[in-house]
*Asks:* 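Okay, here's the structure, questions in a sec.
Computed over heavy atoms, backbone and side chain alike; hydrogens, waters and symmetry mates excluded.
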Amino acid sequence: AGFSQQHLFGSAAVCATVVRWSPCLIGNAGEVRMTGKNIDQPTSANVAFVETGVRSGISQRLGRRALLNAHADGLINLTRWTARLDRVPVWTAPRFAATLGIDASVTFP
């Protein structure tokens with residue numbers, strides 16, 4: 001028995017740029033979709049969620065047109081929820097979350 005989970009969300013950030021460093025305020029909002037598998041009463045649920053927090057990033061140029069960005073995010077979940085299977089709680093969204101990311105970009109004339 002178990003469940004599958006999909007996260008569908010959008011993100012917005014407001015950043016300041018200081019040479020190569022960029023501190024940001026960020027927000028994520030979206031939906032978590034869950035579906036029970038191999039359980040007595042399979043159900044599905046959709047839960048809205050909102051997160052807010054800070055991001056610290058650094059940029060490195062890779063030539064004239066390419067750029068590599070790395071960032072670390074610290075987030076607070078403003079909406080908390082619990083996934084249940086057969087009415088038994090199996091997972092609760094944590095109060096705090098952290099993510100790491102790497103972005104690559106190329107500018108065109």
Side-chain angles (χ1 to χ4, degrees):
F3 67 97
S4 66
Q5 187 172 311
Q6 293 179 327
H7 291 247
L8 306 168
F9 67 92
S11 182
V14 176
C15 300
T17 303
V18 183
V19 187
R20 292 179 33 199
W21 295 94
S22 58
C24 307
L25 296 175
I26 61 172
N28 297 331
E31 180 178 69
V32 177
R33 296 179 181 175
M34 296 171 284
T35 303
K37 294 183 177 187
N38 300 321
I39 59 175
D40 293 338
Q41 300 172 0
T43 60
S44 62
N46 298 337
V47 179
F49 77 97
V50 177
E51 300 172 320
T52 188
V54 295
R55 172 179 287 175
S56 180
I58 186 169
S59 299
Q60 176 64 48
R61 284 216 165 270
L62 303 173
R64 210 173 84 216
R65 294 186 181 170
L67 188 67
L68 191 65
N69 298 308
H71 59 85
D73 303 347
L75 301 164
I76 298 171
N77 286 319
L78 300 179
T79 53
R80 296 200 58 205
W81 46 273
T82 300
R84 298 176 186 277
L85 294 177
D86 289 337
R87 297 188 185 126
V88 176
V90 293
W91 192 80
T92 299
R95 174 64 66 198
F96 302 102
T99 61
L100 299 173
I102 297 175
D103 307 315
S105 60
V106 177
T107 57
F108 295 99

*Asks:* So, for Gln5 and Trp81, which heavy atoms are closest and what is the spacing to 0.1 Å?
*Replies:*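 Distance-wise, the nearest heavy atoms are NE2-CH2, 4.2 Å.
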
*Asks:* Report whether Val32 and Phe9 are members of the same hydrophobic cluster (ILVMFWY, side-chain heavy atoms less than 4.5 Å apart, transitive linking).
*Replies:* yes

*Asks:* Taking the side chain as every heavy atom from C-beta outward, state whether Ile26 and Leu75 have any atom pair closer than 4.5 Å.
*Replies:*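 Side chain of Ile26 against side chain of Leu75, heavy atoms only: contact under 4.5 Å found.
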
*Asks:* Would Ile58 and Asn69 count as a side chain to side chain contact (heavy atoms under 4.5 Å, CB included) here? Give the steps.
*Replies:* CA-CA 6 Å; Ile58 186 169; Asn69 298 308; over 6 Å; no

*Asks:* Ignoring hydrogens and angles, tell me if any N or O in the side chain of Arg33 forms a donor-acceptor pair with the backbone of Asn46 under 3.5 Å.
*Replies:*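 Looks like no, no N/O pair under 3.5 Å.
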
*Asks:* Please answer: with hydrophobic residues joined when any side-chain heavy atoms are less than 4.5 Å apart, are Met34 and Leu8 in the same cluster?
*Replies:* no

*Asks:* How long is the gap from OG1 on Thr107 to CZ on Arg64, to the nearest 0.5 Å?
*Replies:* 8.5 Å

*Asks:* What pair of heavy atoms forms the shortest contact from Glu51 to Ala97, and how long is it?
*Replies:*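 Nearest heavy atoms, Glu51 then Ala97: OE2-CB, 4.4 Å.
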
*Asks:* Looking at Thr79 and Ala48, what are the two nearest heavy atoms and their distance?
*Replies:*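 Scanning both residues completely, I find the closest heavy atoms to be OG1-O, 3.6 Å.
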
*Asks:* Supply the atom-to-atom distance Ser11 OG to Arg55 CZ, rounded to the nearest 0.5 angstrom.
*Replies:*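 With rounding to 0.5 Å, OG (Ser11) is 5.5 Å from CZ (Arg55).
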
*Asks:* Nearest 0.5 Å, please: how far is CD1 in Ile102 from CD in Gln60?
*Replies:*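 Atom-to-atom, Gln60:CD and Ile102:CD1 are 12.5 Å apart.
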
*Asks:* I want to check something: taking the side chain as every heavy atom from C-beta on, are Val54 and Leu25 in contact at a cut-off of under 4.5 Å?
*Replies:* yes

*Asks:* Do Asn77 and Pro94 have side chains that approach each other closer than 4.5 Å (heavy atoms only, starting at C-beta)?
*Replies:*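 A side-chain contact under 4.5 Å exists here.
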
*Asks:* State the CG-CG distance between Leu100 and Asp73, to the nearest 0.5 angstrom.
*Replies:* 8.0 Å

